[in-house]
Amino acid sequence: MGKNTIVKDTLILLAITLIAGLLLGAVYGVTEGPIAEQALKAKTEAYSLVYPGGDISDEAANAELAKALEAFAADDSDAKITEALSVNGGEGYVMSCQANGYGGPVKFAVGIMIDGDNLVIKGLSVLEAANETPGLGAKITDDTQPVRTQFADLSVAAGDKLAVAKDGGTMDQIGGATLTSRACMRAVNAALKFAAENK
């Protein structure tokens, strides 16, 4: 092998790499918009499931909630609220919340109605749990799992926290997936705390 062969091969590999990079960039540019639209559609559908009949179009109230969200700190360091919207003129909230499960963040949509001193969880939907263990933690995405269905119309006193049975609480968990179940509780607890502080 001569020096010219090495230089020639290097230039060919460089050209292939550049062309592949440009093609990948073009494909990303074409698919970025549709992917974002699908994510927004999925989140909108989840919001309508967790608070049936809820109107989240109050822009002034939602702007105030966005400001409150900037100052909000959940009790658990890994739990956070990424979006909070007012429902039916302040009757309640729909929120995107998350906490770390076994494989990373598990993201939820939760609907909470204010009922005097109590908060009523209208529903819970999973937005993302792609990194949870298939057959175990990934079961959180199953709408029939008790860890999900137990939240429908669950009344919680403001300031109370939910916990799985393994941690001394009363909430069901997924067998073999304690970390995912705990992530669900931490995310919902963050949403309950935010609702209580902003009712």
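Every value quoted in this text rests on a predicted model; they were computed, and no experiment measured them. Atom set for the values below is all heavy atoms of this structure, side chains included, hydrogens, waters and symmetry mates excluded.
Hydrophobic clustering of Ile, Leu, Val, Met, Phe, Trp and Tyr side chains at less than 4.5 Å, counting indirect connections, unites V164 with L192. In the hydrophobic clustering of ILVMFWY residues, with side-chain heavy atoms under 4.5 Å counting as a link, L119 and F72 come out together. Under the 4.5 Å side-chain heavy-atom criterion for Ile, Leu, Val, Met, Phe, Trp and Tyr, V50 and V120 are members of the same hydrophobic cluster. Cluster annotation: V126 and Y93 are assigned to the same hydrophobic cluster (Ile/Leu/Val/Met/Phe/Trp/Tyr, side-chain heavy-atom contacts under 4.5 Å, transitive). Under the 4.5 Å side-chain contact rule for hydrophobic residues, M95 and I140 share a cluster.
Judged by distance alone, the side chains of S96 and Y47 do bring a donor and an acceptor atom under 3.5 Å apart.
Annotation: K80, atom NZ; neighbour count of heavy atoms from other residues, nucleotides and ligands within 6.0 Å does not exceed 12.
Distance CD/Q150 to CG/L124: 9.0 Å, rounded to 0.5 Å. Once rounded to the nearest 0.5 Å, the distance linking CG of L154 with OG1 of T149 reads 11.0 Å. Interatomic distance, L85 CG to D58 CG, rounded to the nearest 0.5 Å: 10.0 Å.
Shown here are the salt bridge (Lys or Arg N to Asp or Glu O under 4.0 Å) partners of D172, two or more places apart in sequence or in another chain: there are none. Remark: N88 pairs with E91 by the side-chain hydrogen bond (donor to acceptor under 3.5 Å, both in side chains) rule, at least two apart or across chains. For E70, the side-chain hydrogen bond (donor to acceptor under 3.5 Å, both in side chains) criterion is met by no residue, not counting sequence neighbours. Scored by the side-chain contact (heavy atoms from CB on, under 4.5 Å) test, A68 finds F194, N198 as partners (sequence neighbours excluded). With sequence neighbours excluded, no residue forms a salt bridge (Lys or Arg N to Asp or Glu O under 4.0 Å) with K139. Residues passing the ring pair (Phe, Tyr, Trp, His ring centres under 6.0 Å) test with Y51: none are found, sequence neighbours excluded. S181 meets the side-chain hydrogen bond (donor to acceptor under 3.5 Å, both in side chains) test with no other residue; sequence neighbours excluded. Here L179 pairs with Y102, R182 under the side-chain contact (heavy atoms from CB on, under 4.5 Å) rule; sequence neighbours left out.
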Could you pull out every donor-acceptor pair under 3.5 Å between side chains of residues 103-117 and any protein atom, sequence neighbours left out?
none

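Within the structure, the ring pair (Phe, Tyr, Trp, His ring centres under 6.0 Å) test picks out no pair touching residues 129-161 (sequence neighbours left out). Identified under the salt bridge (Lys or Arg N to Asp or Glu O under 4.0 Å) test for residues 153-164, with sequence neighbours left out: D75-K161, K122-D153. Annotation: salt bridge (Lys or Arg N to Asp or Glu O under 4.0 Å) contacts involving residues 32-45, sequence neighbours excluded, comprise K43-E83.
Side-chain atoms of N62 come within 3.5 Å of backbone N or O of S86 as a donor-acceptor pair. Checked by atom type and distance alone, the side chain of K166 never pairs as donor or acceptor with a backbone atom of Q173 at under 3.5 Å.
Closest non-hydrogen pair, N100 versus R186, comes out as O-NH2, 2.5 Å.
Residues L69 and L65 fail the side-chain proximity criterion, which asks for heavy atoms closer than 4.5 Å.
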